[in-house]
Amino acid sequence: MTYDLVVIGSGPGGYEGAIRASQNGLKVAIVERELLGGICLNWGCIPTKALLKSAEVFDKINHLGDYGLTGEKPGFDFDKVVARSRAVAKQLNGGVGYLMKKNKIDVIEGFATLSPGKDAPKVTVKLNKGGEQVVEAKNVMLAVGARAREIPAIGAVADGEAIWTYRNALTPKKIPKSLVVIGSGAIGIEFASFYRSLGADVTVIEALDRILPVEDKEVSAEAHKAFEKRGIKFRVGAKVTKVEKAGAGVKVSVEAGGKSEVLEAEGCIVAVGIVANTDGIGLDKLGVEMDRGHVKNDAHGKTNVKGLYAIGDCAGPPWLAHKASHEAVHAADYMAGKKGSNLNPPIPGCTYATPEVASVGITEQGAKEKGIDVKIGRFPFKANGKAIAAGEPGGFVKVIFDKTTGALIGAHMIGANVTEMIQGFCLAMTMEATEEDLQGTIFPHPTMSEAILEASLDADGKMINL
């Protein structure tokens with residue numbers, strides 16, 4: 001059978017791109033080797049948030065006295081915590097299946113490889129049920145995502161027992177009493193936060209000189225203090241030289257500041273980035289241009305091979321589900337000859353730990369490196385009425401404006417619910433808002449979002465509530 005588009009991979013980018021293509025009148029098939037929804041829905045974004053919500057509720061229960069409440073000593077059933085997370089993923093997996101049927105998208109279950117074709121590469125699928133199916137299309141969209149990076153040279157390879165990647169960390173047999181997390185990006189910090197909430201002794205190792213290194217330095221410093229207050233320990237500027245099993249646990253050898261130490265723990269999570277799933281699918285035979293393991297594409301998702309598009313994690317950073325979805329929808333519009341969505345919107349980043357971290361646009365240090373003259377405003381949640389009433393006074397909002405034009409070019413937040421609030425800044429930047437626009441906007445009271453207004457006012461020395 002011939003299609004207008006075959007999408008390989010059904011993560012957020014793949015399935016949303018398939019839906020938009022179908023909405024545009026194209027005949028679409030999607031190939032998935034495992035579960036609809038991909039890693040994000042089944043083994044990443046969604047189930048981790050379910051775990052983190054359980055941890056957040058447990059933290060709150062342990063501080064009932066702060067709210068004038070009493071209760072018996074709280075506890076948890078870890079198997080049920082994990083089961084709830086898996087049930088959430090299963091529900092959404094079923095939802096994607098429904099969307100495929102609703103939009104008349106054929107689902108082909110199996111592993112796809114590519115070879116030269118007429119209008120686009122030919123797709124050969126090794127079916128999960130056995131046998132092969134050859135599919136031809138006018139366009140092919142690679143949405144194959146990525147997997148956890150491991151480092152065999154030092155023994156940082158998951159065994160599912162004592163050494164984990166994120167996937168193992170989602171469904172452990174038990175909570176380790178002690179845990180070493182290698183890497184302090186969003187994945188590492190989220191798991192560190194979750195396991196610490198449920199009682200594990202957690203140490204995070206970061207090779208760079210600060211945690212959450214892609215974030216603004218002030219946010220990184222505030223996060224470091226907040227996580228240490230919760231009992232998470234850190235080794236920054238530290239290099240892991242060896243990971244080895246030791247009995248029922250692990251030994252992690254670390255070098256920092258000219259000194260060496262060995263950390264012993266029941267478990268270790270390797271969270272040192274990702275590797276694109278581009279191997280073994282025939283890209284070399286097609287002559288697809290690559291860049292450090294990722295597929296090179298243009299602003300519309302097109303590769304150098306006729307009829308072949310690439311979106312999401314397999315096409316390079318930032319490795320975020322919402323970036324993949326946006327790229328896929330744009331590519332689906334483009335190949336249908338329709339006006340696509342905004343080519344270069346601001347891309348927010350979120351870390352769903354306790355406290356949460358969210359950001360969009362340039363950091364203060366990034367602006368200085370580019371020679372941009374900036375105005376900066378800040379407002380702490382400890383001066384925000386809703387945050388105080390909610391018992392969430394930690395953190396702050398930081399805004400960065402271009403001093404010459406007044407344009408909002410960056411926003412950085414740490415505190416409760418900031419992953420929900422960051423979208424206000426994304427919309428403002430997309431609409432090219434200035435400090436004057438933000439300062440002239442009415443924010444509802446009492447809300448934590450008022451900190452956005454106050455931070456904007458602070459950039460001009462006009463802050464009111466502090």
Worked verdict on Phe396 versus Val219 for side chain to side chain contact (heavy atoms under 4.5 Å, CB included): CA-CA 8 Å; Phe396 60 84; Val219 170; 4.0 Å; yes
field: Residue pair Val134, Thr124: steps toward the side chain to side chain contact (heavy atoms under 4.5 Å, CB included) verdict
entry: CA-CA 4 Å; Val134 177; Thr124 301; 4.1 Å; yes
task: Could you give me the CA-CA distance, side-chain angles and deciding distance for Lys27 and Asp4, then say whether salt bridge (Lys or Arg N to Asp or Glu O under 4.0 Å) is met?
output: CA-CA 5 Å; Lys27 184 172 180 56; Asp4 295 309; over 6 Å; no
message: Quick one, Glu222 with Lys398, criterion salt bridge (Lys or Arg N to Asp or Glu O under 4.0 Å). Give me CA distance, side-chain angles, the key distance, then yes/no.
response: CA-CA 12 Å; Glu222 181 75 8; Lys398 177 178 180 178; over 6 Å; no
query: Does the pair His294 and Trp319 meet the rule for a side chain to side chain contact (heavy atoms under 4.5 Å, CB included), with working shown?
result: CA-CA 11 Å; His294 294 90; Trp319 301 289; 3.2 Å; yes
message: Please evaluate residues Asp279 and Arg147 with respect to the criterion salt bridge (Lys or Arg N to Asp or Glu O under 4.0 Å), reporting the C-alpha separation (whole Å), side-chain torsions for both, the decisive distance (0.1 Å), and the verdict.
response: CA-CA 11 Å; Asp279 49 321; Arg147 61 188 183 277; 3.4 Å; yes
- prompt: Under the salt bridge (Lys or Arg N to Asp or Glu O under 4.0 Å) criterion, do Glu190 and Lys49 qualify, and how do the steps go?
  reply: CA-CA 9 Å; Glu190 287 179 3; Lys49 303 313 164 282; 3.3 Å; yes
- prompt: Yes or no on side chain to side chain contact (heavy atoms under 4.5 Å, CB included) for Phe234 and Glu228, after CA distance, side-chain angles and deciding distance?
  reply: CA-CA 8 Å; Phe234 293 96; Glu228 279 194 331; 3.8 Å; yes
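A 4.5 Å side-chain heavy-atom check between Leu170 and Phe191 finds at least one atom pair inside the cut-off. Contact annotation: the side chain of Leu114 approaches that of Val123 to within less than 4.5 Å [non-hydrogen atoms, C-beta and beyond]. Side-chain contact between Val204 and Phe227 is absent, with no heavy-atom pair separated by less than 4.5 Å. Here the side chains of His330 and Ile311 are not in contact, with every heavy-atom distance at 4.5 Å or above. When side chains are defined from C-beta on, Val399 counts as touching Phe425, because their heavy atoms get closer than 4.5 Å. Thr171 places a side-chain heavy atom less than 4.5 Å from the side chain of Trp43. Here the side chains of Pro176 and Trp164 are in contact, with some heavy-atom distance below 4.5 Å. Side-chain atoms of Phe78 and Pro172, non-hydrogen and from C-beta on, do get closer than 4.5 Å to each other.
Of all non-hydrogen atoms in Val288 and Val295, the two that sit nearest each other are CG1-CG1, 3.7 Å. For the pair Ala332 and Ala21, the tightest heavy-atom approach, listed with the atom from each and the gap, is CB-N, 3.8 Å. Residues Ala146 and Asp313 approach most closely at CB-CB, 3.9 Å, considering heavy atoms. Heavy-atom minimum distance, Val140 versus Pro121: CG2-O, 3.5 Å. Counting all heavy atoms, side chain and backbone alike, Met448 lies closest to Met421 at O-CE, 3.4 Å. Looking at every heavy atom in both residues, Cys268 comes nearest to Leu179 through N-CD1, 3.8 Å.
Once rounded to the nearest 0.5 Å, the distance linking CD of Glu32 with CD of Glu109 reads 8.5 Å. To the nearest 0.5 Å, the span separating CG on Leu286 from OG on Ser115 amounts to 7.0 Å. Note that the CG atom of Asn304 and the NZ atom of Lys306 stand 14.0 Å from one another [nearest 0.5 Å]. A distance of 8.0 Å separates CD1 of Ile19 from CD1 of Ile30, quoted to the nearest 0.5 Å. Atom SG of residue Cys314 and atom CG of residue Asn297 lie 8.0 Å apart, to the nearest 0.5 angstrom. Thr351 contributes atom OG1, which lies 5.0 Å from atom CG of Leu212 (distance to the nearest 0.5 angstrom).
Judged purely by atom type and a 3.5 angstrom limit, Ser325 uses its side chain to pair as donor or acceptor with the backbone of Ala321. Lys323 places a side-chain N or O within 3.5 Å of a backbone atom of Gly312 that can act as its donor or acceptor partner. For the pair Glu327 (side chain) and Ala324 (backbone), a donor-acceptor distance under 3.5 Å is absent. The main-chain N or O of Ala158 is found under 3.5 Å from a side-chain atom of Glu150 such that the two form a donor-acceptor pair. Judged by distance alone, with hydrogens and angles left aside, the side-chain atoms of Thr430 form a donor-acceptor pair with the main-chain N or O of Cys426 at under 3.5 Å. Judged by distance alone, with hydrogens and angles left aside, the side-chain atoms of Arg196 form a donor-acceptor pair with the main-chain N or O of Arg230 at under 3.5 Å. Put simply, the side chain of Ser22 never gets that close to the backbone of Ala18: no donor and acceptor are under 3.5 Å apart. Distance alone, capped at 3.5 Å, is enough to place a donor-acceptor pair between the Asp159 side chain and the Glu161 backbone. Remark: the backbone N or O of Val180 is not paired with any side-chain donor or acceptor of Thr203 at under 3.5 angstrom. Under a 3.5 Å cut-off, the side chain of Asp216 and the backbone N or O of His412 do not form any donor-acceptor pair.
The 12-atom threshold is exceeded at CD of Gln365, counting heavy atoms of other residues, nucleotides or ligands nearer than 6.0 Å. In Arg33, the CZ atom is not crowded: 12 or fewer heavy atoms of neighbouring residues, nucleotides or ligands sit closer than 6.0 Å. When the shell of 6.0 Å around NZ of Lys375 is examined, it contains more than 12 heavy atoms from other residues, nucleotides or ligands.
Aromatic ring pairs are classed by plane angle as parallel below 30°, tilted from 30° to 60° and perpendicular above 60°; the pair Tyr334 and His300 is parallel.
Residues passing the salt bridge (charged side-chain N to carboxylate O under 4.0 Å, His left out) test with Glu16: none are found, sequence neighbours excluded.
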